[in-house]
Amino acid sequence: DPDVDAVYIGSPHDGHCAHTLLCLAHGKHVLCEKPLALGAAQGEAMIAAARERGLALMEAVWTRFLPSVAKARALVEAGAIGELRMIQADFGFRAAFDPHSRLFDPARGGGALLDLGIYPVNLAVMLAGAPVEIVSSANRGATGVDVEDAFILRHARGELSVLTAALTVDTPREAHLLGTGGRLTLAHPWWAGTRLVHTDAAGAVHTHDLPHRGGGYTHEAEAFMALIRNGKVESPVMPWDHSLAVLRVMDALRGEWGVRYPGENP
């Protein structure tokens with residue numbers, strides 16, 4: 001359809017790579033739902049196709065574009081909490097077990113990590129870069145996918161990210177950015193939140209209420225449209241190297257846990 005400029009890929013995880021490559025092959029810019037792919041090998045193939053065709057490709061990590069998260073990132077980069085040393089974040093809820101649900105089906109890329117754990121991993125990579133060391137443990141469910149995950153990432157400057165995800169329990173769903181001169185708290189639910197609390201070095205508390213528009217997705221959509229209008233192929237807020245870094249972290253975690261997906265090779 002010559003009137004279609006871009007396509008949003010919102011299929012289950014196992015369809016992201018094939019559907020993105022199909023759209024790119026037909027000259028369409030692509031906004032692909034997270035995770036960008038089942039694994040880094042697929043992600044690399046998708047990025048290579050976008051680069052070759054000069055088309056915009058962005059992973060739809062809407063959290064990065066929210067006013068609350070953008071403000072937190074700006075405060076960290078400005079040194080408002082001193083030197084960032086630790087990140088604590090979680091995402092968990094109780095999901096009724098159904099072996100045919102995409103949440104529990106390995107053929108669909110099921111499990112807590114790709115659906116929920118990707119949010120805290122993404123936050124850690126955004127603020128501290130790709131990790132240099134990973135320590136983790138997970139419990140696997142009846143279908144073989146991970147249902148309870150706990151992992152620690154150590155980053156290049158020594159920052160530690162302590163992260164959890166689960167399909168069996170309700171977690172606090174908060175994120176805490178801890179620095180040598182204060183801390184930031186992204187309030188529940190942090191990945192879609194509107195409140196940021198800054199506690200400075202003196203213990204004074206500064207609360208920022210930062211509402212989002214369109215249920216939170218408007219900011220991401222506007223950023224993607226701006227890429228296309230400006231002739232850019234890669235987002236500075238959600239760059240390709242960050243998408244690949246997150247996929248590589250999740251590949252490493254699944255490798256430790258023995259979790260594989262039937263269709264994860266490109």
Side-chain angles (χ1 to χ4, degrees), residues 11-17 32-46 59 61 63 86-156 159-173 175 190-191 241-266:
S11 51
H13 304 335
D14 60 308
H16 290 183
C17 180
C32 181
E33 185 52 57
K34 59 82 191 165
L36 184 65
L38 290 177
Q42 285 188 351
E44 288 166 358
M46 296 158 70
E59 185 179 9
V61 183
T63 301
M86 298 190 75
I87 299 168
Q88 299 172 348
D90 68 87
F91 192 167
F93 62 81
R94 290 191 296 270
F97 177 71
D98 177 356
H100 304 294
S101 162
R102 68 172 186 84
L103 291 176
F104 297 98
D105 184 355
R108 293 289 184 88
L113 182 62
L114 262 63
D115 215 69
L116 308 180
I118 187 172
Y119 285 99
V121 172
N122 211 293
L123 181 71
V125 168
M126 180 184 77
L127 294 172
V132 296
E133 184 181 354
I134 300 172
V135 178
S136 75
S137 187
N139 291 322
R140 295 168 62 181
T143 58
V145 301
D146 59 295
V147 294
E148 296 162 346
D149 310 336
F151 40 99
I152 299 172
L153 312 180
R154 185 171 69 84
H155 302 270
E159 309 97 319
L160 296 176
S161 295
V162 182
L163 315 172
T164 56
L167 290 170
T168 58
V169 295
D170 286 320
T171 64
R173 305 178 206 173
W190 72 265
W191 66 90
D241 63 337
H242 281 203
S243 290
L244 290 177
V246 170
L247 288 173
R248 288 172 184 141
V249 168
M250 297 195 298
D251 283 354
L253 290 169
R254 290 191 299 110
E256 291 185 2
W257 307 337
V259 174
R260 286 190 58 81
Y261 308 124
E264 66 182 275
N265 293 325

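- When every heavy atom of Pro120 is checked against every heavy atom of Ala89, the shortest pair comes out as CB-CB, 3.8 Å.
- To the nearest 0.5 Å, the span separating OG on Ser161 from CD on Gln88 amounts to 9.5 Å.
- Met86 CE to Leu160 CG: the interatomic distance, rounded to the nearest 0.5 Å, is 5.0 Å.
- Here the CG-CG distance, from Leu103 to Leu116, works out to 7.5 Å after rounding to the nearest 0.5 Å.
- In terms of heavy-atom proximity, Gly263 sits nearest to Gln42 at O-NE2, 2.8 Å.
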Stepwise side-chain contact (heavy atoms from CB on, under 4.5 Å) check, Glu59 with Ile118: CA-CA 12 Å; Glu59 185 179 9; Ile118 187 172; 3.8 Å; yes
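- Counting only heavy atoms from C-beta outward, the side chains of Pro35 and Val246 never approach each other to under 4.5 Å.
- Of the possible polar contacts, none joining the Glu148 side chain to the Asn139 backbone as a donor-acceptor pair under 3.5 Å is found.
- Here the CG atom belonging to Leu163 is positioned 7.5 Å from the CD1 atom belonging to Ile87, to the nearest 0.5 angstrom.
- Listed here is the closest heavy atom pair of Asp90 and Pro172: OD1-N, 3.5 Å.
- Separating the CD1 atom in Ile152 from the OG atom in Ser137 is a distance of 11.0 Å, to the nearest 0.5 Å.
- Of the inter-residue distances, the one linking Glu44 atom CD with Ser243 atom OG reads 12.0 Å to the nearest 0.5 angstrom.
- Between Val132 and His155 there is no side-chain heavy-atom pair separated by less than 4.5 Å.
- Ring geometry, Phe104 versus Phe97: the interplanar angle exceeds 60°, so the pair is classed perpendicular (tilted spans 30 to 60°).
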Just list the side-chain donor-acceptor pairs under 3.5 Å for residues 121-129, sequence neighbours left out, or say none.
residue, atom, partner, partner atom, Å
Asn122, OD1, Arg64, NE, 2.6
Asn122, OD1, Arg64, NH2, 2.9

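- The salt bridge (Lys or Arg N to Asp or Glu O under 4.0 Å) check on Arg254 picks up Asp251, Glu264, with sequence neighbours excluded.
- Contact between Arg173 and Gly92 at its shortest, heavy atoms only, is NE-O, 3.0 Å.
- In terms of modelled atom types and a separation under 3.5 Å, the side chain of His16 and the main chain of Ser11 share a donor-acceptor contact.
- Nearest approach of Ser136 to Phe151, heavy atoms of both residues: CB-CB, 3.5 Å.
- Ring-plane geometry between Trp190 and Tyr119 is classed as perpendicular, the angle between the planes exceeding 60 degrees on a 0 to 90 degree scale with a lower cut at 30.
- The minimum heavy-atom distance between Lys34 and Val61, with the atom names listed, is CB-CG2, 4.1 Å.
- For Asp146 (side chain) and Leu113 (main-chain N/O), a donor-acceptor pair under 3.5 Å exists by modelled atom type.
- Looking at Pro131 and Val249, their side chains come closer than 4.5 Å, going by heavy atoms from C-beta outward.
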Decide yes or no on side-chain contact (heavy atoms from CB on, under 4.5 Å) for Asp105 and Thr143, but give the supporting numbers first. CA-CA 7 Å; Asp105 184 355; Thr143 58; over 6 Å; no
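- No side-chain donor-acceptor contact under 3.5 Å links Arg140 to the backbone of Val259.
- Salt-bridge formation is not detected for the pair Arg102/Asp14: no Lys NZ or Arg NE/NH1/NH2 atom is positioned less than 4.0 Å from an Asp or Glu carboxylate oxygen.
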